[in-house]
Amino acid sequence: MVSRVIPVAPFDLVIFGGTGDLARRKILPGLFRRFCAGQMPPDARVVGAARSDMSAEDYRRMVRDAIGEFNSDTSYKAADLDAFLARLEYVTIDAKGEAGWSELQKLMAGEGRVEAYYFSVSPSLFGDLAERLHKWGMADAQARIVVEKPFGRDLATACALNATLAEHFDEHQIYRIDHYLGKETVQNLMAVRFGNMLFEPLWNAQYVDHIQITVAETVGVGGRGEYYDKSGAMRDMVQNHLMQLLCLIAMEPPARFDPDAVRDEKLKVIRALDPVLPHHISRGQYQAEACNEAEMPGYRTAVGDAKTRTESFVALKTHISNWRWAGTPFYLRTGKRMAARSSEITVVFKETPHSIFSEEAGRHRNVLSIRLQPNEGITLGVTIKEPGPGGMRLIDVPLDMSFAEALGDDTDHVDAYERLIMDVIRGNQTLFMRGDEVEAAWAWTDPIIQGWEARNDVPKPYDSGSDGPTDSAELMRRDGREWRKVSP
Ligand code: NAP
C-alpha cells in the first residue's frame, strides 16, 4: 500500500539541545526520514542550538553519525543524506545567557515561513528559552514552541511553567509533546472508536466489565538513575502517558476531529476521575537479578540510594464518575524491569447476560486488545465453537489485525516523533496536551504522591523480569479479575 505524503509548508526548525540524546536518537533521524519521504520541503532548514562550540560543518558531521547510529532504516541513498545535511545550521547559544541569540535572530529573519522552536533541553531551561525568544523578537505570530516532558513535577510547578510560557506565547503556539500520542495505534484507537459503528454502542459501563492499561518496560533506570529517582513511575509515566491513553479510551466522541474538540473531551475525563484510595494502589521497586547481580543491579543500587522510597512500578484502580463509565473500573499499570516490553490497552467486555449453552461450554468474554508496542495492532477475542465432533464446546480465538501485515511497510518506519514534528509544522495541536489538561492530570496525581509522602510509604520489592509486586496481582484478584500476562 502506498501512503500519500503531503509536503508541509517551508519551515525553520530550531532544536535547542540539538546536540543532546533526544535530538540525536529521535528528532534528527526522524526529520531525515521525513526528508526522504518527500514531506520536508527542499528549502526547509533545521538549526541545531546548544552551548557546545562547533561549526555548522562539525554539526553536520555529528548528525551524519547520529543518523548512521540511530536510523533503523538503512536503505536511504547517500545523496539524500547529503541533501538533508545541507539543510542544517548550527548556532552556539546559551539559554541562560546572551551568547548566540543575535546570531540566531539573524538566521530566523526570513519572512513567511513557519518558525518552530523545539525545547529539547532540561525542563529547568524551558522558561529561560521562552523569555529569550521573546526578548530577541522571535516569539512572533508565526512562532510555535515544542515543549518536552516532564511538564512540571506537580500542580504548582506545572501552573508556574504554563504561566511563564503564557507570558510570551499564546496557547495555540505551545505544543506540549507526549510521544505516546504520536504512535500509530493511539491514533487508530480514535479511528476504531469513532470510525466504526461496531464498537461505540458497546463502549460503556453496561457492556464493558473493565479496562486495563499496561505500559511495561524491560529496561531499568540505566544511566538516568539520578533523574528518575526524583520522579518515579507515577510522575514519569502515569501522569502523562497512561493518563493520555486513559483519556483516549474513555472520552466522549468529540463533535469534530479538531484540536480543541478532542482536548475538551479528554479534559472532561481527567476531571471526572475519582481520587485513588490507598488500598487501590500497588507500588514497587525492582530487585537485583539474582543470577547476575553485577550487571543487573536492583533499583536502589542503580540510583545509588539504599533507602530511596521512589517507585519503579505502580499499579492502580480508578473510576470515572460520569454517566458512561459509572461502575467500570480502570486498572493502570506501569513498571521497569518487567517480564516484557509491552504497551497495551485491553477492553474486557462483560459476559453475555444468559448462556444458552451447557455449563461445560463455559462462560466467555470478548476482549479487545490494542497493542501500542511492540507489534502495533488490534486483536478482538471472539468466542466460537471448538472444531470437531465433541459437542458444543466454546473457545476464544483472536480476530487479529496486525498493522504491519495488513498495511505492509508503510507503518514500519514512521516514528512518533517525526509524525508529531510534522503536526507542529502543519499547526495541528490535536495530539499535543493543552495547558489545562496537564494541570488537571497533576491535580489528580498530586494527592496520590502526597499520600505516599505523608505515610512514608515504602514500595514493595519485586523480581526483575516479573509482572510486578504480588499486591499488584492482589489488587485485581480482590475484584475477581486478573491482569493480562505481560508478554512480548
Ligand atoms: P541531554 O542529552 O542532556 O541534552 C541536553 C541538551 O541541552 C544538550 O544539547 C546540551 O548541549 C543542551 N544544553 C544544556 N544546557 C544548555 C544551555 N544552558 N543552553 C543551551 N543548551 C543547553 O538531554 P536529552 O536526553 O536530550 O533530553 C532533552 C529533553 O528531552 C529533556 O527535557 C528530557 O526530559 C526530554 N526527554 C528526553 C528523552 C530521551 O529519550 N532522551 C525522552 C523523553 C523526554 P550543551 O551541553 O552543548 O549546551
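Count residues from 1 along the sequence.
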Excluding sequence neighbours, so at least two apart, what forms salt bridge (Lys or Arg N to Asp or Glu O under 4.0 Å) with E167? none
Which heavy atom in T218 sits nearest to a heavy atom in M338, and how many Å separate them? CG2-O, 3.5 Å
Can you see which heavy atom on P150 is nearest to which on P123, and at what distance? CD-CG, 3.5 Å
Heavy-atom count check: over 12 atoms from other residues, nucleotides or ligands less than 6.0 Å from Q450 CD? yes
Do R337 and E217 sit within salt-bridge range, that is, some charged N less than 4.0 Å from a carboxylate O? no
Do other residues, nucleotides or ligands put more than 12 heavy atoms under 6.0 Å from the NE2 atom of H319? yes
Here's a test for you: under side chain to side chain contact (heavy atoms under 4.5 Å, CB included), which of Q244, Q239, M237, M243 qualifies with H241? M237
Just jot down the side-chain hydrogen bond (donor to acceptor under 3.5 Å, both in side chains) partners of D467, sequence neighbours excluded, or say none. K485
Between T308 and Y299, do the side chains contain a donor N or O and an acceptor N or O under 3.5 Å apart? no
Provide the closest heavy-atom pair for V215 versus Y180 in the form atom of the first, atom of the second, distance. CG1-OH, 3.1 Å
Could you walk me through whether M234 and L316 satisfy the side-chain contact (heavy atoms from CB on, under 4.5 Å) test, starting with their C-alpha distance in whole Å, then the side-chain angles of each, then the deciding distance to 0.1 Å, before giving a yes or no? CA-CA 10 Å; M234 194 73 189; L316 60 86; 3.9 Å; yes
Would you say the ring centers of W136 and Y117 fall short of 6.0 Å from each other? no
Run the numbers on D178 and F432 for side-chain contact (heavy atoms from CB on, under 4.5 Å), then give the verdict. CA-CA 7 Å; D178 181 335; F432 295 83; over 6 Å; no
Without swapping roles, check the side chain of Q373 against the backbone of K183 for a donor-acceptor pair under 3.5 Å. no
Give a yes or no on whether the backbone of Q287 and the side-chain of S464 come within a donor-acceptor separation of less than 3.5 Å. yes
Answer yes or no: does atom NZ of K149 have more than 12 heavy-atom neighbours from other residues, nucleotides or ligands under 6.0 Å? yes
To check you understand the geometry: which heavy-atom pair defines the closest contact between D94 and W101, and what is its length? O-NE1, 3.0 Å
Could R176 and E148 be called an ion pair, given the rule that one side-chain N must be under 4.0 Å from one carboxylate O? no
Less than 3.5 Å apart, any donor N or O on the side chain of T318 or D274 sitting next to an acceptor on the other? no
With a 6.0 Å cut-off on ring centres, are Y118 and F16 close enough? no
